[in-house]
Trainee: 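Provided herewith is a single structure, encoded as structure tokens, for subsequent inquiry.
All heavy atoms count here, side chains included; hydrogens, waters and symmetry mates do not.
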Amino acid sequence: VLNEYGVLDKLSPEDIFSLKYINANNIRDMLDILIEGDMLDTVYTDSSILHLSAAQAKTRVNFALANGIKLTAMDLRISSKDFEEKYGISDRDLYKFI
């Protein structure tokens with residue numbers, strides 16, 4: 001999957017190893033979401049972002065796209081409470097952006 005998306009050669013051996021046991025479909029889903037949100041470059045600096053929940057990442061990215069917000073990798077990582085405090089929207093309300 002990493003090769004298919006052209007990111008394999010941009011990751012360190014440690015990054016690749018850390019992704020070894022992640023389901024390929026989950027990695028593919030996260031890469032698609034990151035591409036959609038113009039965030040693919042975050043994988044190169046922090047490949048652990050591919051370990052996150054694709055469903056939650058999708059709602060956050062779609063919310064950001066709909067509202068002209070540029071998210072960071074940290075925005076995808078922060079807790080639901082912190083995301084709500086920063087952007088004023090709860091997880092429950094984010095699911096309308098799926």
Side-chain angles (χ1 to χ4, degrees):
V1 172
L2 298 173
N3 193 42
E4 176 184 326
Y5 281 80
V7 298
L8 182 63
D9 60 336
K10 297 176 184 175
L11 299 176
S12 72
E14 295 82 15
D15 291 334
I16 295 166
F17 183 76
S18 77
L19 298 170
K20 185 176 181 175
Y21 298 104
I22 304 293
N23 181 291
N25 287 327
N26 292 339
I27 293 173
R28 183 176 284 113
D29 290 346
M30 277 302 295
L31 288 169
D32 286 342
I33 291 162
L34 294 172
I35 289 167
E36 183 180 331
D38 193 26
M39 298 178 67
L40 185 60
D41 59 327
T42 60
V43 172
Y44 309 135
T45 56
D46 184 5
S47 67
S48 68
I49 198 165
L50 296 174
H51 292 266
L52 299 176
S53 161
Q56 185 177 53
K58 184 161 185 65
T59 61
R60 291 180 181 192
V61 167
N62 287 348
F63 165 77
L65 290 172
N67 291 284
I69 298 168
K70 177 70 174 159
L71 294 180
T72 65
M74 188 55 70
D75 290 324
L76 297 181
R77 291 184 177 291
I78 60 176
S79 70
S80 298
K81 179 182 176 199
D82 289 342
F83 193 87
E84 183 174 0
E85 286 177 12
K86 186 172 182 177
Y87 294 106
I89 187 165
S90 70
D91 262 0
R92 186 179 72 224
D93 292 335
L94 275 173
Y95 277 93
K96 71 180 177 184
F97 290 96
I98 221 162

Trainee: Ignoring hydrogens, what is the shortest heavy-atom contact between Asp93 and Lys96? Give both atom names and the distance.
Mentor: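 It is O-CG, 3.1 Å.
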
Trainee: With rounding to the nearest 0.5 angstrom, report the CD1 to CE distance, Ile78 to Met74.
Mentor: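 Rounded to the nearest 0.5 Å, the CD1-CE separation comes to 8.5 Å.
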
Trainee: Is it true that, when you exclude Lys70 itself, more than 12 heavy atoms of the residues, nucleotides or ligands shown sit nearer than 6.0 Å to its NZ?
Mentor: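 More than 12 heavy atoms, drawn from other residues, nucleotides or ligands, come within 6.0 Å of this atom.
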
Trainee: State plainly whether one hydrophobic cluster holds both Tyr95 and Val61, where clusters connect Ile, Leu, Val, Met, Phe, Trp and Tyr through side-chain heavy atoms under 4.5 angstrom apart.
Mentor: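 No, because Tyr95 and Val61 fall into different hydrophobic clusters, even though each may have its own neighbours under 4.5 Å.
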
Trainee: How long is the span from the CG atom in Leu2 to the CG atom in Asp9, to the nearest 0.5 Å?
Mentor: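 Reported to 0.5 Å precision, the distance equals 10.0 Å.
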
Trainee: At what distance, to the nearest 0.5 angstrom, does CG of Leu50 lie from OG1 of Thr42?
Mentor: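 Nearest 0.5 Å value for the CG-OG1 distance: 7.5 Å.
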
Trainee: Please give me the minimum heavy-atom distance between Leu11 and Tyr44, naming the atom from each residue.
Mentor: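 Answer, listing the atom of Leu11 first, then Tyr44: CD2-CA, 4.4 Å.
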
Trainee: If every non-hydrogen atom of Leu94 is compared with every non-hydrogen atom of Phe63, which pair is closest and at what distance?
Mentor: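 Closest approach of Leu94 to Phe63, heavy atoms only: CD2-CB, 3.5 Å.
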
Trainee: Using side chain to side chain donor-acceptor pair (under 3.5 Å), reason through Tyr5 and Asp32 one step at a time and then give a plain yes or no.
Mentor: CA-CA 9 Å; Tyr5 281 80; Asp32 286 342; 2.6 Å; yes

Trainee: Please check this pair: side chain of Lys10 against backbone of Val43, looking for a donor-acceptor N/O pair closer than 3.5 Å.
Mentor: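 Checking the backbone N and O of Val43 against the side chain of Lys10, no donor-acceptor pair under 3.5 Å is found.
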
Trainee: Grab the two heavy atoms, one from Ala64 and one from Leu71, that are nearest each other, plus how far apart they are.
Mentor: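 In terms of heavy atoms, the two residues are closest at CB-CG, 3.5 Å.
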
Trainee: Would you say Ser18 and Asp15 are linked by a side-chain donor-acceptor pair, where the criterion is simply a distance under 3.5 Å?
Mentor: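 On atom types as modelled, these side chains do not qualify, holding no pair under 3.5 Å.
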
Trainee: In sequence, state the C-alpha distance, the side-chain angles, and the governing distance for Leu31 and Glu4, and then conclude on side chain to side chain contact (heavy atoms under 4.5 Å, CB included).
Mentor: CA-CA 11 Å; Leu31 288 169; Glu4 176 184 326; over 6 Å; no

Trainee: Shortest non-hydrogen contact from Arg60 to Asp91?
Mentor: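 The pair with the smallest heavy-atom distance is NH2-OD1, 4.2 Å.
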
Trainee: Asp75 vs Ile69, test: side chain to side chain contact (heavy atoms under 4.5 Å, CB included). Steps then yes/no.
Mentor: CA-CA 11 Å; Asp75 290 324; Ile69 298 168; 5.8 Å; no

Trainee: What closest approach, in Å, do Met30 and Ile49 show between heavy atoms, and which atom pair accounts for it?
Mentor: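 Looking at all heavy atoms of both residues, the closest pair is CE-O, 3.4 Å.
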
Trainee: Are Glu14 and Ser47 side-chain neighbours, meaning at least one heavy-atom pair lies under 4.5 Å?
Mentor: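 No, side chains not in contact.
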
Trainee: Indicate, with yes or no, if Ile22 and Ile35 share a hydrophobic cluster defined by side-chain heavy-atom contacts under 4.5 Å among Ile, Leu, Val, Met, Phe, Trp and Tyr.
Mentor: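 Yes; Ile22 is reachable from Ile35 via cluster members.
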
Trainee: Return the CG to CG distance between Leu34 and Asp29, rounded to the nearest 0.5 Å.
Mentor: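 Rounded to the nearest 0.5 Å, the CG-CG separation comes to 11.0 Å.
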
Trainee: Can you tell me how far the CD1 atom of Ile27 sits from the NE2 atom of His51, to the nearest 0.5 Å?
Mentor: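 Ile27 atom CD1 to His51 atom NE2 measures 7.5 Å (nearest 0.5 Å).
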
Trainee: Drop me the distance from Met39's CE to Leu76's CG, to the nearest 0.5 angstrom.
Mentor: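 One gets 4.0 Å once the value is rounded to the nearest 0.5 Å.
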
Trainee: Strictly by modelled atom types, are Asn67 and Tyr87 linked by a side-chain donor-acceptor pair under 3.5 Å?
Mentor: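 Their side chains do not contain a donor-acceptor pair, so the 3.5 Å distance test is not met.
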
Trainee: For the residue pair Ser79 and Glu85, establish whether any side-chain heavy-atom pair is separated by less than 4.5 Å.
Mentor: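 A side-chain contact under 4.5 Å is absent here.
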
